[in-house]
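Note sheet for the following structure.
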Amino acid sequence: MALFDLKDFDNHEQVVFCSDDESGLKAIIAVHSTKLGPAVGGCRMWDYASDEEAITDVLRLSKGMTYKNAMAGLSMGGGKSVIIGDAKKIKSEKLFKAFGRALNGLAGRYVSAEDVNITTGDIAIVNTETDFVTGTEGKSGNPAPFTALGTFLGIKAAVKHKLNTDDLSGLRVAIQGLGSVGLYLCEHLHNAGAKLVVTDLNQEALDKVATQYGAEIVGLNEIYDQDVDIYAPCALGATINDSTIDRIKAKIVAGCANNQLAEPRHDQALVERGILYAPDYVINAGGIINVSFEEDYCVDKATRKVEEIYDTLLDVFSKADTLNKPTGEVADDIARQIIANGGK
Ligand code: NAD
């Protein structure tokens, strides 16, 4: 495989392949940019179909972190790591310790945290071998509730811009994925009076939101066809693609998943269908914002900073209208400008 020619290679500063015989660790760490500070971004554990799929994921996710951190006004660069394997089978103390030692090899150029299938407990084990982790218990902790808060406020901003109201009551929201973030998001939306339509692989999570919030459960592939106002992708990436886009009836796409668009051209394709897209790395920055307060953690300060996502998104939406450009492209332009200006 010609790594430097890959479609998703974007002059990443460093891509490191890590393995450890004894624990079976197979991981890839991608440092996309350290221009604004050490590269910070979570670690994802996933049973990738191929190594190529894992490389693509880590390249795309780490670039997203550079843009996300810049857009959120954080003095942090962008990086991400993936551990390859089935989380139900491969997790062990040895494996997370080996991952911690691998992080030491980057000497602080990359700082890791939680992402899909990685808990604060896992990060605590990594932390026994390295200081280059964040989002640790007793400090900023689990980022998911803050990601959910930011996503909820982002949905409110999108509703304000597209539907000209501050009131979510009665609006129907399709939520795909009831994991760490999705469950908290359901709670916010339910409290605001929204009607929930949900899907997940996990029956327990489905039962929980059906019982607690009266959510309507639909099949995994039916979520796109729902007659809803908002589609909130909160599972994995690339769910807006050639086979789903014409099925989306929502007027707004706003959720916490990373890399929601399968291709950059789907940004414009959403505009053509009259759908307002809240760029993923802007709306889902709540967790990383919270983590950025790790040292001298103060929940009020972190929450106030997460709340800025509302105005940041309104700004992106109105610039997109003025410039007649898709929202994702506008967000990318702003993020690149911030990076070029050294964080300002
Ligand atoms: P999670 O692993 O806790 O939850 C993911 C959920 O999606 C699980 O319940 C899983 O069963 C479900 N799922 C998987 N495939 C599905 C499918 N095809 N259809 C429906 N549901 C499916 O992960 P999370 O931490 O809640 O993160 C969710 C998304 O948000 C990810 O894309 C992640 O990268 C992104 N994100 C998370 C955070 C955070 O703070 N955790 C921050 C920023 C972005």
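Order of listing sets the numbers, starting from 1, for every ligand and every atom in it. Positions are given from 1, in the same order as the sequence printed here.
Contact check on R304 versus E307 returns no salt bridge, with no Lys/Arg side-chain nitrogen under 4.0 Å from an Asp/Glu carboxylate oxygen. A salt bridge between D225 and K249 is absent, with no side-chain N of the basic residue lying under 4.0 Å from a carboxylate O of the acidic one. Contact check on R172 versus E216 returns a salt bridge, with a Lys/Arg side-chain nitrogen under 4.0 Å from an Asp/Glu carboxylate oxygen.
Taking 4.0 Å as the cut-off, E114 does not count as a neighbour of ligand 1 on heavy-atom distance.
Partner of Y110 under the side-chain contact (heavy atoms from CB on, under 4.5 Å) criterion, out of T34, I29, V40: I29 alone.
The nearest heavy-atom contact from the protein to atom 14 (C) of ligand 1 is L201 CD1, 3.6 Å. Looking only at heavy atoms of the protein, atom 7 (O) of ligand 1 is closest to A235 CB, 3.5 Å. In terms of protein heavy-atom proximity, atom 43 (C) of ligand 1 is nearest to N284 O, 3.5 Å. Atom 42 (C) of ligand 1 has T147 OG1, 3.3 Å as its closest protein atom, hydrogens excluded (heavy atom only). Atom 20 (C) of ligand 1 has L220 CD2, 3.6 Å as its closest protein atom, hydrogens excluded (heavy atom only). Among all non-hydrogen protein atoms, the one lying nearest atom 12 (C) of ligand 1 is D200 OD2, 3.2 Å.
Few gaps surround CG on N341; more than 12 heavy atoms of other groups in view lie less than 6.0 Å from it.
Put simply, the side chain of N69 gets close to the backbone of G77: a donor and an acceptor are under 3.5 Å apart.
With a heavy-atom cut-off of 4.0 Å, K68 touches ligand 1 through its side chain alone.
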